[in-house]
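One structure is given below, encoded as structure tokens.
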Amino acid sequence: MTRGGIVYKAAMALSGGFLVVFLLVHCLGNLQLLLPEPIARPAFNAYAHALGGSVVIKVASVLTYGSIAAHVLVAGVLDWRHRGRRPSYAKTPPGRGLARSMSALGAVTLLFLIVHLQTFWYRFHFGDIALDAAGRKDLYGVVLVAFGEPWLVAVHTLSMVALGLHLQRGLPAAARSLGIYGERPSALVARAAPMLAWSVAGCFAAMPLYIFLWGAR
Ligand code: HEM
């Protein structure tokens, strides 16, 4: 592999790794939504309010958007480099099928993210939303209304299948790019990658489904 190729692969692995950390923290924070409503509403609104005012979170937020931009841009560059090298009449070389499906799964996740940010982030920061009993923006109420909409629940849960597959394949690839193993993944990576991938995707898919089926409890 060329030096440029190694740098691009490392950039994909590092930006992807940061995004996995973001997903873990985001998922754990959002699990509050599954608590009984009298506890969940004040807790979730206070949590969102506190995050909004924290400098650490502002820095983490910039890093998150930077990582998303880097991950998408470098994936585009890698795809373009591979296309340039492969004559149109040649058969798809081994590994390219995987790279192509990773791009497609990544694109679904990106489309999901656009809908997701419009539904929650945009409304929370720029929308005219009600206040709760403590005078904080009622983001919990926004989530409850959103996950009462069948199409949004479908978008959120089906996109998590794409995210799970993307992570299941991306995590071992990232570990390999960072030199954690050579030709074949170690038993630990081979076992931990699908577990982590489907824990994250399952955690995110459970929230809209739970709220849609049982509402606030
Ligand atoms: C179904 C489970 C999810 C729920 C309930 C949820 C909820 C939310 C809410 C309420 C916000 C706005 C909070 C704020 O701006 O302070 C938000 C922001 C965000 N969400 Fe989610 N989310 C979920 C899944 C996901 C997934 C799967 C991804 C990524 C693939 C994601 C990526 C983001 C990003 C990037 C932001 C903006 C964060 C920032 O501005 O720093 N979320 N989410």
Side-chain angles (χ1 to χ4, degrees), residues 15-35 37 40-72 75 102 104-127 129-130 132 136-168 170-171 196-216:
S15 55
F18 182 83
L19 290 172
V20 170
V21 175
F22 164 80
L23 285 176
L24 285 171
V25 175
H26 194 45
C27 196
L28 289 176
N30 288 344
L31 280 177
Q32 296 175 81
L33 291 166
L34 304 185
L35 294 169
E37 192 266 348
R41 191 184 296 271
F44 191 69
N45 291 345
Y47 168 72
H49 184 79
L51 290 188
S54 154
V55 179
V56 177
I57 295 301
K58 287 206 170 93
V59 173
S61 194
V62 170
L63 284 174
T64 304
Y65 291 114
S67 298
I68 294 170
H71 205 72
V72 172
M102 284 299 279
L105 294 167
V108 172
T109 308
L110 189 62
L111 284 178
F112 156 79
L113 195 57
I114 294 168
V115 175
H116 180 68
L117 291 181
Q118 203 281 330
T119 310
F120 296 130
W121 180 88
Y122 183 82
R123 269 186 215 164
F124 182 52
H125 293 279
F126 303 106
I129 64 177
D132 66 9
R136 300 188 185 103
K137 285 189 183 181
D138 188 18
L139 188 58
Y140 176 82
V142 173
V143 176
L144 223 61
V145 170
F147 290 159
E149 296 273 356
W151 77 270
L152 262 178
V153 174
V155 166
H156 269 77
T157 43
L158 293 177
S159 305
M160 291 311 100
V161 177
L163 178 69
L165 288 170
H166 189 77
L167 292 178
Q168 181 178 346
L171 287 168
L196 181 58
W198 292 107
S199 305
V200 169
C203 169
F204 280 125
M207 288 174 228
L209 282 176
Y210 180 90
I211 292 173
F212 182 70
L213 293 174
W214 289 289

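Please read all numbers here as calculations on a predicted model, not as lab measurements. Counting starts at 1 for both ligands and their atoms, in listed order.
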Checklist entry - Evaluating non-hydrogen atoms only, which member of Tyr210, Tyr140, Phe112, Phe124 is closest to atom 28 (C) of ligand 1? => result Phe112
Under-4.0 Å heavy-atom contact with ligand 1, by part of [X] that carries it:
X	value
Val142	neither
Leu113	side chain
Leu23	side chain

Checklist entry - Taking the six-membered ring where the residue is Trp, are the ring centres of His156 and Phe147 under 6.0 Å apart? => result yes
Item to check | Centroid separation Phe124 to Phe120 less than 6.0 Å | outcome: no
Item to check | Closest approach of any protein heavy atom to atom 13 (C) of ligand 1, naming residue and atom | outcome: Leu139 CD2, 4.0 Å
Checklist entry - In the protein, which heavy atom is nearest to atom 41 (O) of ligand 1, and how far is it? => result Ser61 OG, 2.7 Å
Next on the checklist: Can you tell me if Pro208 contacts ligand 1 (heavy atom of the residue under 4.0 Å from the ligand)?
Outcome noted: yes
Checklist entry - Which of the atoms of ligand 1 are close to Met160, meaning less than 4.0 Å from one of its heavy atoms? => result 27 (C)
Next on the checklist: Using the side chain to side chain contact (heavy atoms under 4.5 Å, CB included) criterion, which residues pair with Ala205? Sequence neighbours excluded.
Outcome noted: Thr157, Met160
Checklist entry - Would you call the rings of Trp121 and Tyr65 parallel, tilted or perpendicular, where under 30° means parallel and over 60° means perpendicular? => result perpendicular
Item to check | Aromatic ring pairing His26/Phe22, orientation class (parallel under 30°, perpendicular over 60°, tilted between) | outcome: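 Ring orientation, 0 to 90° scale: parallel.
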Item to check | Neighbouring protein N, O or S atoms of atom 21 (Fe) of ligand 1 [cut-off: under 2.8 Å, no waters] | outcome: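 The answer is His26 NE2, His116 NE2.
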Item to check | N/O separation below 3.5 Å, Thr109 to ligand 1 | outcome: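 N/O-N/O distance under 3.5 Å: no.
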Next on the checklist: Would you compute the distance between atom CG of Leu167 and atom CE of Met102 and round it to the nearest 0.5 angstrom?
Outcome noted: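 The CG atom of Leu167 sits 8.0 Å away from the CE atom of Met102.
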Checklist entry - Quick one: do Asp138 and Arg41 make a salt bridge, cutoff under 4.0 Å? => result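 Answer for the salt bridge query: yes.
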